[in-house]
Protein chains: 2
Amino acid sequence: MDLDVRRLRVLHEVALRGSVTAAAAALHVTPSAVSQQLVQLSREAGHELVERAGRGIVLTPAGQVLATHAKDVLGAVEQAVAGLAALHRRVSGTVRVGAFASAAGALVAPAAARARAKHPELDVRVIEAEDQQSRLDLRSGTLDVVVLQEYDHVPAPLVDDLDRHPITTDPMHLVTPVGWRRGTGRLSELRDVPWIASAEHTPCLGSTLHACRLAGFEPDIRHRSVDFALTLDLVAAGLGAALVPELALRHVPPGVHVQPLAEPVTARRIFAVTRALGGAPQRPAVDALLTELSGPAGVPRGHLPPVLA
Amino acid sequence: MDLDVRRLRVLHEVALRGSVTAAAAALHVTPSAVSQQLVQLSREAGHELVERAGRGIVLTPAGQVLATHAKDVLGAVEQAVAGLAALHRRVSGTVRVGAFASAAGALVAPAAARARAKHPELDVRVIEAEDQQSRLDLRSGTLDVVVLQEYDHVPAPLVDDLDRHPITTDPMHLVTPVGWRRGTGRLSELRDVPWIASAEHTPCLGSTLHACRLAGFEPDIRHRSVDFALTLDLVAAGLGAALVPELALRHVPPGVHVQPLAEPVTARRIFAVTRALGGAPQRPAVDALLTELSGPAGVPRGHLPPVLA
DNA sequence: AGATCCATGTAGCTACGCTACAACAGCGAT
DNA sequence: ATCGCTGTTGTAGCGTAGCTACATGGATCT
């Protein structure tokens, strides 16, 4: 019996994403194909691997066992590929990087440019993706590197076998309309103004709330935006104050006043995550990108708005 | 890129056996198929994996690297299969055992019978095979268990990641025609008689030579036989003396006198070998057979010839 | 109940891998 | 050198496995 890698990958995706449809999407095939592969695989395995649960499916115990082993097999295959890549004297191949918008623009894009300049055969692809999604894609192999953020008060634990590579710490800045009287950068001076914050269940909103509560008040959040460019526009329109991380301040519209937080109670740590290859070294291509991401260049200070520089 | 298990297995076999033809035979396909798979695999790998060397081929460095990783992948797949098999409450599946002739008849066959009696769904297959061949087949996965012998003076080192399971120690016996005057079982009494021994380059011949030299003489080897049944027939015909391991003495023809060696200078250790699964437990089916092989029953004393019982 | 979502069957097409045969290259012998 | 044996590689053709597109059948929500 041989347990095709293909089929094991299907099971792995199903285990990871919890549904045939999601796995099919990740694998760029139709749900029908995934379903057929599961049937075939369970025939080979001699056990039912999934069973219907309401509208979806769940893995049977046998399915979970095999999924665990599938992860090992896929890891071994990946190490084989990495071993081959390491034979090339030149850094080459494709690295897929997932990052949230502000990091993608401010950190990953320049790093990718530097990496490509150094290694012409390196193909870096940047995919904007949100936290949970990108973790799944990393573990499934769709992405090779994921850039995540972590707010001080909300540690984001790294499940299972992922490696963490620190990049930088991104301080939050206080953003207000220029029309407002200038403060000292103390949050408590802004207890009675309208606020602009991110959507529910986002770490950024949590960060704002946390900072304001530490300053002794509950912010009056009037507007919500997950896009910092929009947030800045809202501030420019005089609609409220906001806390914005430095990396999102590369293009500040007129009419916005930016100042560092007097009490740097909140900052987000930004770090890259890769699949741990069981002690084996990463692919040279991945290493090259990680070097640029966390290298001395770090945050391109030259790109910061004048008010901060 | 996905590096099909199938292809990796092809490379693994080629690496193990050193030729396309041998690998093809082991995989039960034509050499053409193996050759095509190698071409395809090297295309995927981005490196030449084999190159012609005279009439045959050798692996390139890249080929060796990938072959090593291939072993890991195949090991992971095997562990996955083992994990599935362990889910069955009953011991089932197929176990292929390779053994040299005398052990196969005296040890493996009864053990297989006992195992099958205990576990009706267990399918034990016994394949007679010689030492080097069976080691290759074990490492390639063609065999699951191999029974090997090791003479005291010729330790047989176990390369790489194989597990060793002691079975028994098989003492050598002195075999002479009944027409000869009875000795005390001391080898030195037979320094001037003709001898029957095994072929060149066999451990059994080495054992005989070793024992005789310890007794202070060089045996006058007149006849050669690798088959102990033939050896006994030659002895029965009065052609010479021989040293024969106990396990080969289940069917002693008339006219042969068997006695234990007065000085038990030579004995062969018999042991089973399995692929080490990197710390993971063996398959239940393999475990069941190993239990019977090395269990309390051990050598079936009841089957020994009367002269020894 | 109707609408919707999700998983699973079925028909048909494509593509991959195998066999059989042929060609070619190295090594040894007469 | 020539012939023959052995071993690897190329080519044509066939069988099968896996995919898509579409249809079917449950389960959930409104």
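As the structure is a prediction and not an experimental result, all values here were calculated from the model. Lettering of chains follows the sequences in order, A, B, ..., and the numbering in each one begins at 1.
- If you check the side chains of A/Glu48 and A/Thr60, you find no donor sitting under 3.5 Å from an acceptor.
- With a 4.5 Å cut-off on side-chain heavy atoms, A/Phe100 and A/Gln149 count as touching.
- Listed pair B/Arg52 / C/dC24 fails the phosphate criterion, with no side-chain N or O lying under 4.0 Å from OP1 or OP2.
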Determine, stepwise, if the pair A/Asp137 / A/Arg135 fulfils salt bridge (Lys or Arg N to Asp or Glu O under 4.0 Å). CA-CA 5 Å; A/Asp137 286 339; A/Arg135 283 170 197 246; over 6 Å; no
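- A/Gln37 comes within 4.0 angstrom of sugar-phosphate atoms only, judged by non-hydrogen atoms across all strands, and of no base.
- Among the protein residues, B/Ser32 comes within range of the nucleic acid bases, having at least one heavy atom under 4.0 Å from a base atom.
- If you measure from atom CZ of B/Arg43 to atom C1' of D/dG10, you get 12 Å, rounded to the nearest angstrom.
- Side-chain contact check for B/Arg96 versus B/Ile127: some heavy-atom pair is nearer than 4.5 Å.
- The phosphate of D/dA17 (OP1 or OP2) has no side-chain N or O of A/Arg6 nearer than 4.0 angstrom.
- Per the geometry, CD belonging to A/Glu51 stands 17 Å off P belonging to D/dG26, to the nearest Å.
- Toward the 5' end of DNA chain C, the nearer of the two residues A/Gly56 and B/Gly54, judged by each one's closest nucleotide, is A/Gly56.
- Taking every side-chain heavy atom of B/Ser19 into account, D/dT8 is the closest of C/dT19, D/dT8, C/dA7.
- Rounded to whole Å, the distance from CG on A/Asp4 to P on D/dT16 is 18 Å.
- A straight line from CD of A/Gln36 to C1' of D/dA23 spans 14 Å, rounded to a whole angstrom.
- Between B/Arg55 and the phosphate of C/dG28, there is no side-chain N or O to OP1/OP2 separation shorter than 4.0 Å.
- Residue B/Ile57 is the one, among B/Ile57 and A/Thr30, whose nearest nucleotide of DNA chain D lies closer to the 5' end (criterion: closest heavy atom).
- Heavy-atom distances to DNA chain D give each of A/Ala53 and A/Gln40 a nearest nucleotide, and the one nearer the 5′ end belongs to A/Gln40.
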